[in-house]
Every structure is written in structure tokens, then in C-alpha cells.
Amino acid sequence: MSPDVDLTVPKPGPHPLRDRLLALDRRVFEFAAERNWPGAEPVLPRLSRSANHGVLWFAAAAAMAASRTPRARRAAARGLASLSLASLTINTFGKRSVRRPRPVLDPVPLVRQLKRQPITTSFPSGHSASAAAFATGVALESPAWGAAVAPVAFSVAMSRVYTGVHFPSDVLAGAALGAGAAFAVRGLVPTRDRAVPPARPRTDAPALEHGEGLVLVANTAAGTADRARALLDALPRAEVVECDPQDVPAELEKAAARARVLGVCGGDGTVNAAAEIALRHGLPLAVLPGGTLNHFAYDLGVEDARGLARALERGDAVRVDVGRFTSGDRAGVFLNTFSLGVYPELVRERDRWSHRIGGWPAGVLAALRVLRSDRHPLQAEFQGRTRPLWLLFAGNGTYHRVGLAPGRRLDLADGKLDVRVVHGGRRPAARLLAAALAGPLTRSPAHAAVQVGRLRLTGVAPGTLLAYDGEVTEVQGEVTLEKLPEALTVYRPLPGS
């Protein structure tokens, strides 16, 4: 080899812009270290430590969920999901891609410094990413809760510079990554306001000044007292009748005789009873969610007393479809779902245990007991053929899956029954799970889906259980389902109102 050949690897050339930015970053850090921050000394170091491992944000989420409002619970869940994605991104890619050393602590007063210094690399700031992710995720779901959380998140981010563990650029980069994680979560699971049910042409409904003319029946078994009182505070001229579950139908009938608007607060079964009476009396319906699931109210867009009160005073209302079933001398309406097969058995089993162990544990226990029992599928004639079915489900309106979110209805007046069937065969649990995960899959060996306006089943065995809006009854012979298009007037806050 010739001695004249130079094998030295050349050093990278200077980067004037990068070097100027890094120098500016250091000067800003030193400026912050030399400044006196009045009132920050007893607060910011403690706040910085409280955010270790996300403890501060888990506590904030728990406090939000304790408010028991649907929007607060969704905001808390979205904040934690955004935080989790941000932490995963920072710890797997961020810290390993840029191995920047921590700032030198010499200019930082000892009283500000953390007792335990972090040992990971400096860029980007994980605390800032978590704070921004949680605050942004919360704000995307609930601007009011986001405004409450934002100052705390900003303070946590600033505390990382104040205590000397990060340069300002580390904090800015971490905050940007955190906010990006929150928007990425929204792309996977859209916020409720990005999938608002379309506002049907506004229908005529009374505008009730201070609630005068509203008679609302509240089912006390659903824990509705606080919600009913909140509505009465907003509408002082309204009348609220609280009653036990067995008295709900009679009280609804009495209320319908003297009301301009029939109101109801309770679970899906209570709302179903009110809808049937409102239809019979030709009255508009006001629904205040007061049960465990509240499918109809939430799909409608009513979440709390404040929103419902605003709609009632302004006369904001729309018309929605109602489902109806008939079987021999039995008939009924449903606002949410109708089902035959395994699900009605699950509902009956859940009701046996719910008063002992609570609703959600009872649902899990019921599912285990029903799916593990030795049973045969339902036999019924469906679309001209006699088929074994583990489940037949019909929704009042088409259920859509938005991103990874569970299915919900975006239009309550589309004129369609969303029919899903799970065919009979071995391993019913696996078939039912596959159908649930597939969503609106139109055809498979295990399940199928179709949207129709009317459905007729024949050959249903005597004693077959039928569930509608959480209520269970027995049917036999022929079962007919149909839609009553835009049959019911209901109040809801309209977009932009």
C-alpha cells in the first residue's frame, strides 16, 4: 500500500446554524438559572417530582372521572391514552436518537435542584411531552377541562428548566411531540364532536321558558336525583317526579296527561317506556341520561342537564326513527336495539346478579355463565331459509365504527334497521367475539350484516327470549320488525346553538 494514501476519516464540517441555536439554547438556560422566580421555589421542584412516572396526570384523570360527567370521563381517558403514546415514543425513539447530555448544574441554585438527578439523556423532555400530551388530549375532548389542566401542564414543563434538568429546546421539543401524540390518538379514536349526528331539519317543538310545561319522571333506582335536581336548577318552572322503578309507567302516563313536553331521566328501559307513551300521546320527548349506558341520549347528543335545558328553552328538537316489533299478541318499540338468541339470556342472567355485585361485574359474570353453558342455537327462518343462529341483532339506525372507537349511530333517522346475525355452529364464544370485532362486515362464514327497513322471522320456538332496550320478554312463532320513520320528536342541543 502506498504510504501517500491518507485513510483518516474527515471530521464533520461546522454547522453554523446548529451551533448558533445550541449557543442560544445555553444562554437562555443560563439566563433562566440566574433569574429570581418569585414564588417558584416552594412549588416548581415539588410539581416536577409529582409528575415522575405520570403520577400527577393519573391523579388528575381520577379527579376528572370522579365528576361523573360523560365528557369528563372521556377527556380523562383521552388524556391518559395520549400520555401513553407520548411516553412510548419518547422512551423508544426520542431519547435514543439524540443523545444530548444534561445541562451543567453550576449556574442553578442548589435550592432549586432535584434531590435525585435523572440519568437519561436530555433531549427531548419526557416530562414536557407527557404534560403536553395529557393537556392536549383533555382539551380536544373537553375545552373546559383542558383550560383547567393547561396551567398545570405549562408549569410542569417550565419546572424542568427551573430545576436545571433540561435545556429550553428539550422542553419545546417534548411539548411538540406530546401535542402530536394527542392528535395522533384523535386520528385513531375521533372525539365525539367530530362525529356529531347530523342535524335533521329542525322540527316544531315548544320552547319552554324556564321549563314551564315540562314534566320529567325520574327513576330513582338509576341514581338520578342529582341530575334531576341539576335540571330543576336550570329550569325552575319544570316539574320533576321521582319514583321507584315499578311506578315509572304509571307516573309517565299521569305526566303525559298534563305535560306539554314529557321528560324522562333513567336508563334505556325507562327511556323506552317514556318513548312509547310519548308516541301514544303525540308529545315531544326530553331525555336526560340517568342510567349506566344511556345509548339513546348519547347518540342523540344529550349528555347533561345543562345541554338539555338549553335545548328545551330554545325549542331545539329533531325527529328520530323508532323501531317496532310484533309477535302474536306482543308488541313493543325500541329506540336502540332488538335481539334474539344469546344476548337476551345474558341480560336476564345479568339482572339476576346486578343488585348483588353491581352492573359491570354482573355483566361479566353473565357472559361467562351463558357462553360456557351447554346450549343449542336458536332456529328461525331468516331471508327465506331456516338457519341456526346464536344471535340476531337489529339496531334502530346503522351502527358505525369510527377509527378504533366502539360502534355508535351517527344518524338516528336513516330509515334502516341494522341487522347482524351470528350463524349457529361450534364455539359460539369465538363466533360472537369475531362478529363484534368485525363490526359491519357484510358476509363471512360465521356472521353477516344487512340494512333493511323491515324484517320478518318465522318458526321461532315457544319461550324464545327477546331483548329490546334492556327489557326481556318471551316470543314464539312469527316476529316482525319494522321502522317508524321520524316518528318521535326529541329535544337535543343543535350544533352551533
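For the pair V452/K483, no side-chain contact is recorded, criterion being any heavy-atom separation below 4.5 Å from C-beta on. Contact of the F134 side chain with the F58 side chain is not registered, since no non-hydrogen atoms from C-beta on lie closer than 4.5 Å. Between E251 and V217, some side-chain heavy-atom pair lies under the 4.5 Å cut-off. Residues R73 and M64 have side chains not in contact (no heavy-atom distance under 4.5 Å, counting atoms from C-beta outward). Side-chain contact between D304 and R227 is absent, with no heavy-atom pair separated by less than 4.5 Å. Between T337 and Y399, some side-chain heavy-atom pair lies under the 4.5 Å cut-off. Residues F393 and L340 are not in side-chain contact: their nearest non-hydrogen atoms beyond the backbone lie 4.5 Å or more apart. No side-chain heavy atom of V264 sits under 4.5 Å from any side-chain heavy atom of L262.
By the 6.0 Å contact criterion, CG on D244 is enclosed, its count of non-hydrogen atoms from other residues, nucleotides or ligands being greater than 12. Other residues, nucleotides and ligands place no more than 12 heavy atoms under 6.0 Å from the CZ atom of R306.
Contacts of E239 classified as side chain to side chain donor-acceptor pair (under 3.5 Å), with partners at least two apart in sequence or in another chain: R258.
Using modelled atom types, one finds no donor on one side chain facing an acceptor on the other under 3.5 Å when comparing H295 with D469. Defined by atom type and a distance below 3.5 Å, a donor-acceptor pair is missing between the side-chain atoms of K416 and N396. Donor-acceptor pairing under 3.5 Å is lacking for the side chains of D418 and T398. R319 and T489 share a donor-acceptor pair across their side chains, judged by distance under 3.5 Å alone.
Judged purely by atom type and a 3.5 angstrom limit, D321 uses its side chain to pair as donor or acceptor with the backbone of D414. At distances below 3.5 Å, at least one donor-acceptor pair connects side-chain atoms of S84 with backbone N or O atoms of L80. Between the N294 side chain and the A297 main chain, no donor and acceptor come within less than 3.5 Å of each other. Although no hydrogens or angles enter the test, the distance criterion places a donor-acceptor pair under 3.5 Å between the side chain of S327 and the main chain of Q476. Judged by distance alone, the side chain of R492 and the main-chain N or O of L300 form a donor-acceptor pair under 3.5 Å. Between the side chain of T89 and the backbone N or O of L85, at least one donor-acceptor pair lies under 3.5 Å. Distance alone, capped at 3.5 Å, places no donor-acceptor pair between the T464 side chain and the V460 backbone.
Of all heavy-atom pairs between P284 and R260, the closest is CD-O, 3.6 Å. Taking every heavy atom of both residues into account, A331 and T326 meet most closely at CB-CG2, 3.9 Å. Closest non-hydrogen pair, Y491 versus G315, comes out as CE2-CA, 4.0 Å. Closest of all the heavy-atom pairs between F334 and A394 is CE1-O, 4.0 Å. Across P249 and P245, no two heavy atoms sit closer than the pair CD-O, 3.9 Å. Shown here for G146 and V138, the closest heavy-atom pair between the two residues is N-CG1, 3.6 Å.
Atom CZ of residue R330 and atom OG1 of residue T473 lie 3.5 Å apart, to the nearest 0.5 angstrom. Going from atom CG of D299 over to atom CZ of R409 covers 4.5 Å, rounded to the nearest 0.5 Å. Between L140 atom CG and S82 atom OG the span is 7.0 Å, to the nearest 0.5 Å. Between the SG atom in C265 and the CD atom in E242 there is a gap of 9.0 Å [rounded to 0.5 Å]. Within the model, atoms SG of C243 and CG of N219 stand 6.5 Å from one another, a figure rounded to the nearest 0.5 Å. Once rounded to the nearest 0.5 Å, the distance linking CZ of R310 with CG of L312 reads 11.0 Å.
Ring centroids of F325 and Y468 are separated by less than 6.0 Å, placing the two rings close together.
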**Request:** Show your reasoning for whether side chain to side chain contact (heavy atoms under 4.5 Å, CB included) applies to E474 and L465.
**Result:** CA-CA 5 Å; E474 294 184 359; L465 295 181; 3.7 Å; yes
**Message:** What verdict does the side chain to side chain contact (heavy atoms under 4.5 Å, CB included) test give for T480 and L455, after you've listed the backbone C-alpha separation in whole Å, the side-chain angles of each residue and the deciding distance to 0.1 Å?
**Reply:** CA-CA 6 Å; T480 301; L455 180 68; over 6 Å; no
**Request:** List the steps and the verdict of side chain to side chain contact (heavy atoms under 4.5 Å, CB included) for L56 and L47.
**Result:** CA-CA 8 Å; L56 173 64; L47 190 63; 4.0 Å; yes
**Request:** Show the numbers, then the answer: is there a side chain to side chain contact (heavy atoms under 4.5 Å, CB included) between V419 and F338?
**Result:** CA-CA 9 Å; V419 181; F338 165 102; over 6 Å; no
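Using a 4.0 Å cut-off between charged nitrogen and carboxylate oxygen, E478 and R456 count as a salt-bridge pair. Comment: E303 engages R74 in a salt bridge, judged by a side-chain N to carboxylate O separation of less than 4.0 angstrom.
Put simply, the residue from N272, V490, V302 that forms a side-chain contact (heavy atoms from CB on, under 4.5 Å) with F296 is V490.
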